Q: 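Here's a structure for you.
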Amino acid sequence: MATDDTTRREAGDDEAGTRGPLLKYRGKNNATGTLGGGQPFLLYWCKEDKDWFYPVGLWENTDFSPKNTVGKSEILQFKFDTDKVFLDVPALLGTPLLCRLGSESWSRPVQRKGQNFYIARGTGSMPMRTVQNAVIYGDQLRFALRMDIVSRDDAWISNTETTGSIRMRDRQNDRAWLVAVRHGDDWVDPFGSQTTFAKRSWADLIG
């Protein structure tokens, strides 16, 4: 990746000055909307190479996993469990992040211990209570989340994965760029008429 392109992408990535912008989502026809508390969205995750954003599904029906392409029944849905109308960093702090697959009940993610620590769904001794820290970057589409984890120290959703499982890591430099995506016109519908979801380039998703 060219140095000037990397510089452009990193611009505004310091936490200072990011506590005011409202979190937005990339919508249908690449429109941009302001994400509301409790509003469902699909999550796109950026790997450490920062070239592509991947829709988040599951690895072996457990760990959160980046997918090149994923169907409607296999992509995870997310929402921030708060009645705040708008989401800036102060509104995100102390708010639970919920997820579900299909029409299942909403639940909090958990941290799973394997070769490393991973973000997963299901039950376990390390559920993620709330957002402990957050960053909203200058474009207001990318954000990062550090989760408060029961029985463990808090950790960032990271930009690294092991055999398809997204890792939780402590270092600030390892935090992932995340983007909320919605295709539906109805406030509660993140899908619209879309049935498959593919990885998206920086130019397509962020512009």
Side-chain angles (χ1 to χ4, degrees), residues 1 6-7 9-16 18-19 23 41-68 70 75-81 87 89-90 92-99 107-139 141-181 199-200 202 205-206:
M1 185 181 299
T6 300
T7 301
R9 296 185 186 197
E10 296 288 355
D13 282 4
D14 291 335
E15 290 188 50
T18 61
R19 301 187 70 87
L23 182 59
F41 61 92
L42 310 176
L43 186 66
Y44 276 63
W45 171 89
C46 190
K47 198 171 182 176
E48 56 190 329
D49 59 20
K50 299 180 179 177
D51 286 333
W52 293 92
F53 290 80
Y54 299 83
V56 174
L58 293 173
W59 178 82
E60 293 195 348
N61 208 36
T62 301
D63 296 342
F64 289 16
S65 179
K67 303 293 183 180
N68 287 323
V70 64
I75 191 170
L76 285 167
Q77 303 163 59
F78 294 85
K79 68 177 180 179
F80 291 104
D81 191 22
L87 299 173
V89 168
L92 290 174
L93 301 184
T95 294
L97 174 69
L98 303 183
C99 66
S107 63
R108 301 183 191 204
V110 301
Q111 181 171 261
R112 184 185 72 82
K113 176 68 171 75
Q115 177 183 349
N116 299 291
F117 288 100
Y118 307 105
I119 183 170
R121 70 167 192 152
T123 58
S125 60
M126 293 182 282
M128 297 185 181
R129 291 190 188 94
T130 61
V131 175
Q132 189 270 343
N133 196 1
V135 180
I136 297 174
Y137 296 103
D139 48 54
L141 288 167
R142 292 173 301 140
F143 62 99
L145 297 176
R146 187 175 181 92
M147 305 304 296
D148 179 19
I149 303 166
V150 174
S151 303
R152 300 294 302 186
D153 292 334
D154 45 88
W156 292 101
I157 299 174
S158 85
N159 59 10
T160 57
E161 51 91 13
T162 303
T163 62
S165 297
I166 295 173
R167 294 179 58 182
M168 299 296 295
R169 304 189 72 173
D170 182 59
R171 294 195 321 159
Q172 179 173 298
N173 289 344
D174 294 323
R175 64 193 183 195
W177 290 343
L178 308 171
V179 175
V181 173
K199 68 178 185 179
R200 299 175 67 171
W202 172 282
L205 192 60
I206 307 299

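Note that the coordinates shown come from a computational prediction; the quantities given were computed from them, not determined experimentally.
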Q: I need the minimum non-hydrogen distance between Ala144 and Ala176, along with the two atoms involved.
A: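 That would be CB-O, 3.5 Å.
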Q: Do the side chains of Arg108 and Leu98 get nearer than 4.5 Å, heavy atoms only?
A: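 Yes, at least one pair of side-chain atoms sits under 4.5 Å.
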Q: When rounded to the nearest 0.5 angstrom, what is the spacing between OG in Ser125 and CD1 in Ile149?
A: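 Nearest 0.5 Å value for the OG-CD1 distance: 11.0 Å.
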Q: Determine all donor-acceptor pairs shorter than 3.5 Å in which one atom belongs to a side chain in residues 55-62; sequence neighbours excluded.
A:
residue	atom	partner	partner atom	Å
Trp59	NE1	Thr163	O	3.3
Asn61	OD1	Arg121	NH2	3.0
Thr62	OG1	Glu60	O	3.2

Q: Using side chain to side chain contact (heavy atoms under 4.5 Å, CB included) as the criterion, list what pairs up with Asp170, not counting sequence neighbours.
A: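 For Asp170, the residues satisfying side chain to side chain contact (heavy atoms under 4.5 Å, CB included) (neighbours in sequence not counted) are Arg146.
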Q: Using side-chain contact (heavy atoms from CB on, under 4.5 Å), reason through Arg175 and Ile157 one step at a time and then give a plain yes or no.
A: CA-CA 6 Å; Arg175 64 193 183 195; Ile157 299 174; over 6 Å; no
Q: Could you check if a side-chain atom of Asn159 sits within less than 4.5 angstrom of a side-chain atom of Cys46, using non-hydrogen atoms only?
A: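 The answer is no; the side chains never approach within 4.5 Å.
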Q: Carefully, step by step, assess Asp174 and Trp156 under the rule side-chain contact (heavy atoms from CB on, under 4.5 Å).
A: CA-CA 8 Å; Asp174 294 323; Trp156 292 101; over 6 Å; no
Q: Sub-3.5 Å donor-acceptor pair from the side chain of Trp45 to the main-chain atoms of Lys67, do we have one?
A: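 No: the side chain of Trp45 does not pair with the backbone of Lys67.
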Q: Between Ile136 and Leu92, is there a side-chain heavy-atom distance shorter than 4.5 Å?
A: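 Side chain of Leu92 against side chain of Ile136, heavy atoms only: contact under 4.5 Å found.
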Q: Could you walk me through whether Leu43 and Leu76 pass the side-chain contact (heavy atoms from CB on, under 4.5 Å) test, one step at a time?
A: CA-CA 7 Å; Leu43 186 66; Leu76 285 167; over 6 Å; no
Q: Should Leu145 and Phe80 count as side-chain neighbours, where that means a heavy-atom distance under 4.5 Å?
A: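 SC-SC contact between Leu145 and Phe80 confirmed.
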Q: Locate the shortest heavy-atom distance separating Met147 from Leu97; write the atom from each residue and the value.
A: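 Reported closest heavy-atom pair: CE-CB, 4.0 Å.
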Q: Run the numbers on Arg142 and Val179 for side-chain contact (heavy atoms from CB on, under 4.5 Å), then give the verdict.
A: CA-CA 5 Å; Arg142 292 173 301 140; Val179 175; 4.0 Å; yes
Q: Does Asp63 use its side chain to pair, donor to acceptor, with the backbone of Ser65 at less than 3.5 Å?
A: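 Here the side-chain-to-backbone pair does not exist.
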Q: Enter the distance from Phe117:CZ to Thr162:OG1 here, rounded to the nearest 0.5 Å.
A: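 Atom-to-atom, Phe117:CZ and Thr162:OG1 are 12.5 Å apart.
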Q: Distance from Tyr118 atom OH to Glu161 atom CD, nearest 0.5 Å?
A: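 CD of Glu161 is found 9.5 Å from OH of Tyr118.
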Q: Considering all heavy atoms of both residues, which atom of Gly122 and which atom of Val110 are nearest to each other, and what is their separation?
A: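 Closest pair (atom of Gly122, atom of Val110, distance): O-CG1, 3.3 Å.
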Q: Below 4.5 Å, heavy atoms only, C-beta onward: do Asn68 and Trp52 meet side chain to side chain?
A: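 Side chain of Asn68 against side chain of Trp52, heavy atoms only: no contact under 4.5 Å found.
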Q: Taking all heavy atoms of Asp154 and all of Gln132, pick out the closest pair and write down the distance.
A: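 Smallest interatomic distance, heavy atoms only, reads OD1-OE1, 3.6 Å.
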Q: Working to the nearest 0.5 angstrom, can you tell me the gap between Asp153 CG and Gln111 CD?
A: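 Answer rounded to 0.5 Å: 9.5 Å.
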Q: In Å, rounded to the nearest 0.5 Å, how long is the span from CG of Asp139 to CD1 of Ile206?
A: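 If I round to the nearest 0.5 Å, the distance is 5.0 Å.
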Q: Side chains of Trp202 and Asp51: does their closest heavy-atom pair fall under 4.5 Å?
A: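 Trp202 vs Asp51: side chains apart.
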Q: Applying side-chain contact (heavy atoms from CB on, under 4.5 Å) between Trp177 and each of Glu48, Lys47, Lys50, report the one that passes.
A: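 Answer to the side-chain contact (heavy atoms from CB on, under 4.5 Å) test with Trp177 among Glu48, Lys47, Lys50: Lys50.
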Q: For Pro66 and Tyr54, work out which heavy atoms get closest and say how close.
A: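 Heavy atoms only, the tightest pair is CB-CB, 3.6 Å.
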Q: Any side-chain heavy-atom pair from Arg152 and Met168 closer than 4.5 angstrom?
A: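 Answer no - side chains too far apart.
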Q: Can you name the residues that form a ring pair (Phe, Tyr, Trp, His ring centres under 6.0 Å) with Phe64, not counting sequence neighbours?
A: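 Only Phe78 meet the ring pair (Phe, Tyr, Trp, His ring centres under 6.0 Å) criterion with Phe64.
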